[in-house]
Amino acid sequence: MTTSSEATRPFELVTWYDTWNEAGLQNLQNGRVPLGYATRYNLAFGHLAEQADGAYSVVMEAFAAQVKDLILQQAPTGVKIYASTRPLTSGIADAVDDNRWHDNRSTTAIVAWLKANGYGGLVIDEEDPSVMWDSFLGRDVPHFVEQLGPSFKKAGLEIIVSAPVPYSGPSNVYGPRAVELFMAHVAAIELQDYSDHGTIDDANKWIVAGIPAEMLLGGVGTERNPTLGVQTPLAAVKTWTKAAQDMKLRGMFSWRLDNDWAGEREDDAPTFLGAKTVYETVYPPT
């Protein structure tokens with residue numbers, strides 16, 4: 001069911017920003033990054049590591065604190081910044097086990113860390129198949145969001161799932177309880193697809209499976225990386241963004257602003273054409 005607040009929510013514009021490359025940090029320090037193109041920034045990446053008391057909590061990359069502070073200083077008022085778990089070696093499986101045996105203490109530690117460090121939530125970008133869906137051991141993403149959900153809600157934090165290969169549908173990616181648990185505990189799902197399938201096909205599969213459109217964000221690849229082939233053509237960026245609006249999705253996200261249509265080296269002279277195209281499709285220049 002769509003609530004009145006969901007019905008009036010502005011179309012969400014999301015991008016990722018790396019926190020491991022000093023060049024991306026320097027572009028922020030020099031005021032070169034158009035931070036008005038997004039309303040939420042996911043910082044890439046963190047992972048869950050064991051703490052002194054045995055609980056697992058968030059550890060971000062070297063430049064995360066500086067990147068976060070600069071975005072907050074330079075971006076329009078109201079911008080959101082979320083921490084994330086990295087696609088592989090995320091620590092999720094260990095945190096799930098620790099929660100199971102120690103009264104959800106890793107959830108408590110994660111919530112405390114996010115609140116203390118000024119993040120609005122956690123983005124789960126898991127791409128290890130044994131953690132995406134490992135129903136036999138129960139150490140997977142659906143179990144993790146079930147453990148996090150009540151405490152996150154109480155703390156005013158959001159859980160975001162950034163879903164790889166979304167054209168497979170939620171149950172094929174995350175298992176038979178994905179729809180039930182995501183509906184109960186997840187604020188939004190980013191459809192992480194830069195292939196020929198695209199936002200329209202992906203969103204329809206998730207909607208048919210039972211995830212409402214207002215939870216879904218279409219995705220485009222704006223990274224300058226010809227080797228990986230993850231750069232969505234600008235014409236498709238525009239088409240998919242317009243489709244997301246027409247389908248009444250929550251918004252669109254791009255991977256990633258620091259390397260958006262940049263040079264051959266990572267974060268080298270980004271031109272931001274991808275994020276600009278998304279933004280100007282939603283807010284056409286007058």
Side-chain angles (χ1 to χ4, degrees), residues 12-47 58-76 78-88 90 117-125 127 160 162 164 188 190-194 217-234 236-237 240-241 251-282:
E12 189 173 25
L13 301 176
V14 179
T15 192
W16 289 74
Y17 205 97
D18 88 39
T19 62
W20 63 78
N21 190 335
E22 193 169 11
L25 171 63
Q26 290 171 344
N27 286 337
L28 285 169
Q29 291 170 331
N30 294 326
R32 296 173 180 167
V33 184
L35 295 172
Y37 286 153
T39 53
R40 167 161 57 89
Y41 285 84
N42 303 335
L43 299 193
F45 286 111
H47 66 285
V58 182
V59 176
M60 295 293 290
E61 294 280 358
F63 303 118
Q66 292 167 276
V67 167
K68 176 175 62 69
D69 289 347
L70 286 166
I71 292 173
L72 288 173
Q73 291 167 19
Q74 298 175 22
V79 68
K80 298 178 180 180
I81 302 183
Y82 286 28
S84 68
T85 57
R86 61 195 181 201
L88 301 170
S90 65
N117 288 278
Y119 290 94
L122 183 69
V123 185
I124 300 170
D125 181 14
E127 297 180 20
I160 311 294
S162 192
E190 300 175 355
L191 301 175
Q192 191 186 124
D193 183 6
Y194 322 126
L217 290 94
V220 292
T222 63
E223 184 169 23
R224 180 61 173 162
N225 193 332
T227 303
L228 294 177
V230 296
Q231 192 178 65
T232 307
L234 293 178
V237 171
W240 296 356
T241 302
M252 287 291 289
F253 88 96
S254 64
W255 170 267
R256 53 193 167 94
L257 190 66
D258 55 281
N259 203 30
D260 190 314
W261 285 74
E264 294 303 315
R265 292 178 299 165
E266 185 177 61
D267 296 356
D268 175 35
T271 61
F272 312 109
L273 285 174
K276 181 175 187 284
T277 300
V278 173
Y279 183 87
E280 292 187 349
T281 302
V282 177

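- Residues Ile160 and Ile124 have side chains not in contact (no heavy-atom distance under 4.5 Å, counting atoms from C-beta outward).
- No donor-acceptor pair closer than 3.5 Å links the side chain of Glu223 to the backbone N or O of Gln231.
- With hydrogens and angles ignored, the 3.5 Å screen pairs no side-chain donor or acceptor of Lys276 with any backbone N or O of Thr271.
- In this structure, Asp193 and Val220 have side chains that are not in contact, with every pair of non-hydrogen atoms separated by 4.5 Å or more.
- Contact annotation: the side chain of Leu13 approaches that of Val278 to within less than 4.5 Å [non-hydrogen atoms, C-beta and beyond].
- With rounding to the nearest 0.5 angstrom, the CZ atom of Phe63 is 12.0 Å from the CG atom of Leu28.
- A donor-acceptor contact shorter than 3.5 Å is absent between the side chain of Thr39 and the backbone of Glu12.
- A side-chain donor-acceptor contact under 3.5 Å links Gln192 and Ser162.
- Here the closest heavy-atom approach between residue Ala44 and residue Trp16 is recorded as CB-CE3, 3.6 Å.
- In this structure, Trp261 and Leu234 have side chains that are in contact, with non-hydrogen atoms separated by less than 4.5 Å.
- Between Arg86 and Asp125 no salt bridge is recorded (no basic side-chain N to carboxylate O distance below 4.0 Å).
- The shortest side-chain heavy-atom distance between Leu70 and Leu25 falls under the 4.5 Å cut-off.
- Applying the side-chain contact (heavy atoms from CB on, under 4.5 Å) test between Phe272 and each of Val33, Thr15, Thr277 identifies Val33 as the sole match.
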Task: Evaluation steps, side chain to side chain contact (heavy atoms under 4.5 Å, CB included), between Asp260 and Arg256 - done: CA-CA 6 Å; Asp260 190 314; Arg256 53 193 167 94; over 6 Å; no

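- Expressed to the nearest 0.5 Å, how far CG of Asn21 lies from CD of Glu266 amounts to 4.5 Å.
- Between atom CG of residue Asn27 and atom CG of residue Asp268 there is a gap of 8.5 Å, rounded to the nearest 0.5 Å.
- Between Asp258 and Arg32 there is no salt bridge, since no side-chain nitrogen of the basic residue lies less than 4.0 Å from a carboxylate oxygen of the acidic one.
- The two residues Met60 and Ala83 make their nearest non-hydrogen contact at SD-CB, 3.9 Å.
- Residues Val58 and Tyr119 are not in side-chain contact: their nearest non-hydrogen atoms beyond the backbone lie 4.5 Å or more apart.
- The two residues Pro34 and Leu257 make their nearest non-hydrogen contact at O-CD2, 4.4 Å.
- Gly219 and Met252 get closest at one heavy-atom pair: N-CE, 4.1 Å.
- The aromatic ring centroids of Trp255 and Phe45 lie less than 6.0 Å from each other.
- Asn259 and Pro270 get closest at one heavy-atom pair: C-CB, 4.4 Å.
- Defined by atom type and a distance below 3.5 Å, a donor-acceptor pair is present between the side-chain atoms of Asn42 and Glu190.
- For Thr241 (side chain) and Thr281 (main-chain N/O), no donor-acceptor pair under 3.5 Å exists by modelled atom type.
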- [ ] Would you sort out whether Leu72 and Ile81 count as a side chain to side chain contact (heavy atoms under 4.5 Å, CB included), showing the intermediate values?
- [x] CA-CA 8 Å; Leu72 288 173; Ile81 302 183; 3.6 Å; yes

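- For the residue pair Gly274 and Val237, the shortest heavy atom distance occurs at O-CG1, 4.0 Å.
- Between the CD atom of Gln29 and the CD atom of Glu22 there is a distance of 7.5 Å, given to the nearest 0.5 Å.
- Considering only heavy atoms from C-beta on, Thr222 stays 4.5 Å or farther from Leu273 through its side chain.
- The side-chain hydrogen bond (donor to acceptor under 3.5 Å, both in side chains) check on Tyr37 picks up nothing, with sequence neighbours excluded.
- With hydrogens and angles disregarded, a donor-acceptor distance shorter than 3.5 Å links the side chain of Thr232 to the backbone of Gly221.
- Under the 3.5 Å distance criterion, the side-chain polar atoms of Ser84 are matched with a main-chain donor or acceptor of Leu43.
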